[in-house]
Amino acid sequence: MQDEYFDRTASMESRLSAVADRLPGEPLRDAVTNLPSRKLEGTGLGAGRWLATAGLMVSALILGSGVAQAQPEAPEEGDKPKAGQEDKAAEKDDTPPPEGSADEGGEPGPPPNDPPPTVPEEPLLGDPPPLPEDTKAAGTKDSGGLSVAGEATTAAAAKDKEDGERPTGAEPAGPASEVFAEDWWKLSRPVFEFHGYYRVRSEFFHNFHIGRRDPVKPLWPRPPDDDYIDADGDAHRVELCGDDPDPSNQEACDNNTQAGANMRFRLNPELHISDNVRIRAQVDLLDNIVLGSTPQGYANEPGLDGRYSVVARGGYSPTGAFATTAWSPSAGITSTKDSITVKRVWGEYSSPIGQLRFGRMPSHWGLGILANSGDGYDSDWQSTADRLMFITGVKAWDLYFGAAWDFANEGAISAALNEQDGQPYDLAQKDDVDQWVFVVMRRMNEQLARKALRDGHPVFNGGAYVVYRNQSLANDTTDPGTGASLGQGTDELSQGLVRRGAEVVIPDVWFQFRFDKFRFELEGVMLYGSLENTNRTAGSDFLNGRVEGDDGWNIRQFGLATQTEYRAVEDRLKLAFGFGIASGDSDVDSIAPIGNELQPQRTLDRTFSTFRFHPDYRIDLILWRHVLNRVQAAYYFRPSVDYDFFRDPDGQRIGGGATVIWSRASEFVQTPGHEHDLGVELNFKLYFQSKDGVLNDDPDKMGGFFTSIEYGVLFPLGGLGYLPGQVDAYNEMPGVEEELDTETAQTVRWYLGILF
């Protein structure tokens, strides 16, 4: 994304070259093609102004050429020159033939009786598309956002001014410096674009609890309509099933399946003010709303214990069985989210020295194991930063530099629920999480990279992404009297403050090598830092009472992911192998966090070393995607194969694929069964893509209608099982009829989407 500004500049050069190809005469084309853009460097002209200046110079040359080629007005029909006048006119007219005329061996010029070519008062770059008759009088735009006709009154007023300041069509055009830039820009109009997707996903989960009967904090909760006895011997009775409606004859419910569907409509609008100024955003409508989750009559209200309570239903839908329509999602009433959610809005300004970005924007780096924008068609998680960022570089070397100031966490603000107007502000500075990001990267333009690969040359990309963050004080308590809740008073907030003393440096390196049809990509990240205090409430655990001189807490984590890919059979066949590892911690109880606080260290060591991949870095369908939520404290091996059975030049394709994922824990003591092997998962898929719309010209981008059916099966191994003592104790409990063991988990997913 860092070379986007420079790519647009190259696009402008190609557009100017296309204009030159349409001009008559070799000298005129050479003058336009060889416009010395290097002379404009350092003059303060932005990318758009550069193009405008070039356009004005083209306009001046066209005007001059038009005058030079002007011919006497053709006689009206029926009027013929008298005898002898033709010879006298020929003797008087000693003007050389126009550029490209038949006399010079070029293309023949216009017939003698045709009217001379006219020159528009406002020259344009390129030919505008045809316009409807009822819109040509009003200000309209071409596909590039340039106005092709001003309003009648504006044009008339502008013409009156131009008559006294600019040369008319009957006079020779002056140099390019006499064409006024403000006249060129006054007719430009913003361009509004929409991108995004609409999707519906139907999913079937079977035995996602892997057969485990955990009493508290299970890896995956059992369905509430399942009757079972947990590992501690406590019965969870649901005796409401069977064919007999008589309560005395009803049976225990047995259900290990969860299924449903969800949807999302994502819009990524872009407002292009000019070639170098734009505003971008991301808006989700019905964001991952579960179909059927907001039926008629269902509503919530805040309860006294901090939870929500269900409101009594109305008389027209007294029970859920009487619901006849779906209500719109409303946060805190019918859903956890509103029906429309604005995720991001940010601005971009490109100048000759670089690009400035500011606002709430996506954050992505490398493969996405640390910072992942989550912009994929099947994404559910994302990294979003409130950021001020500047990117510059040396395009000739494909080398770019960037620096960003992030507002990661400002702590309590002055906003209150009973005061909607005004400008909220940050109440304190010491409780802020300050974050700075520095980037250096070498990345070749994708089109140039493809050409280099076709010519048999390797392509190398890579760089470093370094984050530094710190926090002095913090208010992380959940106490309603002193927590950082909305509208909390400053005196109460100060009572909830603790000294945090957090400081961490996060270097992240990325490397990519491509040759012919082969690609190897790697991302490695490390977290190196410290904490003075891990308490949420008053007090400090900085001093180590058991080991002298080992005060405070350390953060030592690392993660690594690689992707290897080879394409063959006209790129229809894709063979891939993925590997990843996340550091574990031998001093904590579980791979996944237990509770809502830092996992306690069970030994004298005071180092947090469990690394967790970003949850949107997906490698499977069951274990890491759902059960454990993300790759963490483990390593995996992932071979896969994909093949397009059918594919046409327009992008339509039908194909399938298969993947095997073998997962192992980095530290065996973090697994429930105290073994390294977690499981082997098999994933299969079939897909179809129509590739309609504007994205069908890029085979690497999803576009048009897309659907897929996926099946996954997980075979749990010893790491997800039980300890031998737990199995024996459970089997000896009274009333237990089933053995304590793990079970195979399965899933089926059906994706329907339209991408644009």
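Both backbone and side-chain heavy atoms feed into the values below; hydrogens, waters and symmetry mates do not.
Heavy atoms only, all atoms of each residue included: Glu203 and Asn262 are closest at OE1-ND2, 3.6 Å. In plain terms, the two heavy atoms of Arg536 and Asp476 that are nearest each other are CD-O, 3.8 Å. Across all non-hydrogen atoms, the minimal contact from Gly719 to Pro672 is O-CD, 3.0 Å. Considering all non-hydrogen atoms of both residues, Gly524 and Asp508 come closest at O-OD1, 3.2 Å. Scanning all heavy atoms of the two residues, the minimum distance from Tyr308 to Pro302 falls at CD2-N, 3.7 Å. Minimum interatomic distance between Ile353 and Phe390 (heavy atoms only, all atoms of both residues): O-CZ, 3.7 Å.
Arg469 and Asp406 are not joined by a salt bridge, as no carboxylate oxygen comes within less than 4.0 angstrom of a charged side-chain nitrogen. In summary, Lys337 and Asp284 do not engage in a salt bridge, as defined by a charged side-chain N under 4.0 Å from a carboxylate O. Ion pairing between a basic and an acidic side chain is recognised when a charged N comes within 4.0 Å of a carboxylate O; Arg344 and Asp375 show such pairing. Taking a cutoff of 4.0 Å between a charged side-chain nitrogen and a carboxylate oxygen, Asp616 and Arg618 qualify as a salt bridge. Remark: Asp587 does not engage Arg556 in a salt bridge, criterion side-chain N to carboxylate O under 4.0 Å.
Residues Tyr636 and Asp620 have side chains not in contact (no heavy-atom distance under 4.5 Å, counting atoms from C-beta outward). Asn268 places none of its side-chain heavy atoms less than 4.5 Å from the side chain of Arg280. Gln599 places a side-chain heavy atom less than 4.5 Å from the side chain of Ser590. Put simply, the side chain of Thr747 does not reach to within 4.5 Å of the side chain of His626, judged on heavy atoms. For the pair Met444 and Phe460, the minimum side-chain heavy-atom distance is 4.5 Å or more. Between Asp585 and Glu667 the shortest side-chain heavy-atom distance does not fall below 4.5 Å. By the 4.5 Å heavy-atom criterion applied to side chains, Asp434 and Trp436 are counted as neighbours. Under the 4.5 Å side-chain criterion, counting only non-hydrogen atoms from C-beta, Leu286 is not in contact with Phe265.
With hydrogens and angles ignored, the 3.5 Å screen pairs no side-chain donor or acceptor of Glu492 with any backbone N or O of Thr482. Of the possible polar contacts, one joining the Gln632 side chain to the Leu628 backbone as a donor-acceptor pair under 3.5 Å is found. Remark: side-chain polar atoms of Thr742 are not paired, donor with acceptor, to backbone N or O of Ile210 under 3.5 angstrom. Between the side chain of Ser609 and the main chain of Gly584, a donor-acceptor pair closer than 3.5 Å is present. Between the Ser583 side chain and the Phe558 main chain, a donor and an acceptor come within less than 3.5 Å of each other. Of the possible polar contacts, none joining the Arg500 side chain to the Asn470 backbone as a donor-acceptor pair under 3.5 Å is found. The closest donor-acceptor contact from the side chain of Glu681 to the backbone of Leu621 lies under 3.5 Å. Looking at Asp214, its side chain never comes within 3.5 Å of a backbone N or O of Val216 through a donor-acceptor pair. The backbone N or O of Arg264 sits nowhere less than 3.5 Å from a side-chain atom of Asn288 that would complete a donor-acceptor pair. With Asn475 contributing its side chain and Gly483 its backbone, the two residues share no donor-acceptor pair below 3.5 Å.
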Intermediate values then yes/no, side-chain contact (heavy atoms from CB on, under 4.5 Å), Asn533 and Asp541: CA-CA 5 Å; Asn533 179 22; Asp541 58 4; 2.9 Å; yes

Derivation and outcome, side-chain contact (heavy atoms from CB on, under 4.5 Å), residues Tyr377 and Tyr751: CA-CA 10 Å; Tyr377 69 95; Tyr751 183 101; 3.4 Å; yes

Chi angles and distances behind the salt bridge (Lys or Arg N to Asp or Glu O under 4.0 Å) call for Asp378, Arg749: CA-CA 11 Å; Asp378 199 22; Arg749 304 180 72 246; 3.2 Å; yes

Verdict with reasoning, Phe579 to Thr564, per side-chain contact (heavy atoms from CB on, under 4.5 Å): CA-CA 9 Å; Phe579 170 77; Thr564 305; over 6 Å; no

CA sep, side-chain torsions, deciding dist, call: Leu493, Asp431, side-chain contact (heavy atoms from CB on, under 4.5 Å): CA-CA 11 Å; Leu493 284 170; Asp431 64 345; over 6 Å; no

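Summarising the geometry, atom CD1 belonging to Ile622 is positioned 11.0 Å from atom OG belonging to Ser663; distances are rounded to the nearest 0.5 Å. With rounding to the nearest 0.5 Å, the separation of CD1 in Ile369 from CD1 in Ile581 is 11.0 Å. One distance of note links CG of Asp479 with OG of Ser485; it measures 9.5 Å at 0.5 Å rounding. Atoms CZ and CZ, from Phe611 and Arg630 in turn, are 10.5 Å apart once rounded to the nearest 0.5 Å. Rounded to the nearest 0.5 angstrom, Trp346 CH2 and Leu356 CG are separated by 14.0 Å. Asp550 contributes atom CG, which lies 11.5 Å from atom CG of Leu543 (distance to the nearest 0.5 angstrom).
By the 6.0 Å contact criterion, CZ on Phe668 is open, its count of non-hydrogen atoms from other residues, nucleotides or ligands being 12 or less. In Trp381, the CH2 atom is not crowded: 12 or fewer heavy atoms of neighbouring residues, nucleotides or ligands sit closer than 6.0 Å. The 12-atom threshold is exceeded at CZ of Phe518, counting heavy atoms of other residues, nucleotides or ligands nearer than 6.0 Å.
Side-chain contact, Arg664 with Tyr635: a donor N or O sits under 3.5 Å from an acceptor N or O. With hydrogens and angles left out, the side-chain atoms of Arg606 and Gln601 include no donor and acceptor closer than 3.5 Å.
The aromatic ring centroids of Trp510 and Tyr465 lie 6.0 Å or more from each other.
For the pairing with Leu678, the side-chain contact (heavy atoms from CB on, under 4.5 Å) check across Leu720, Ile661, Leu717, Leu714 returns one residue only, Leu720. If you run side chain to side chain donor-acceptor pair (under 3.5 Å) between Gln563 and each of Glu523, Glu521, Arg638, Arg519, only Arg519 comes through.
In this structure, Trp220 and Phe205 have perpendicular ring planes: the angle between them is above 60°, well past the 30° mark.
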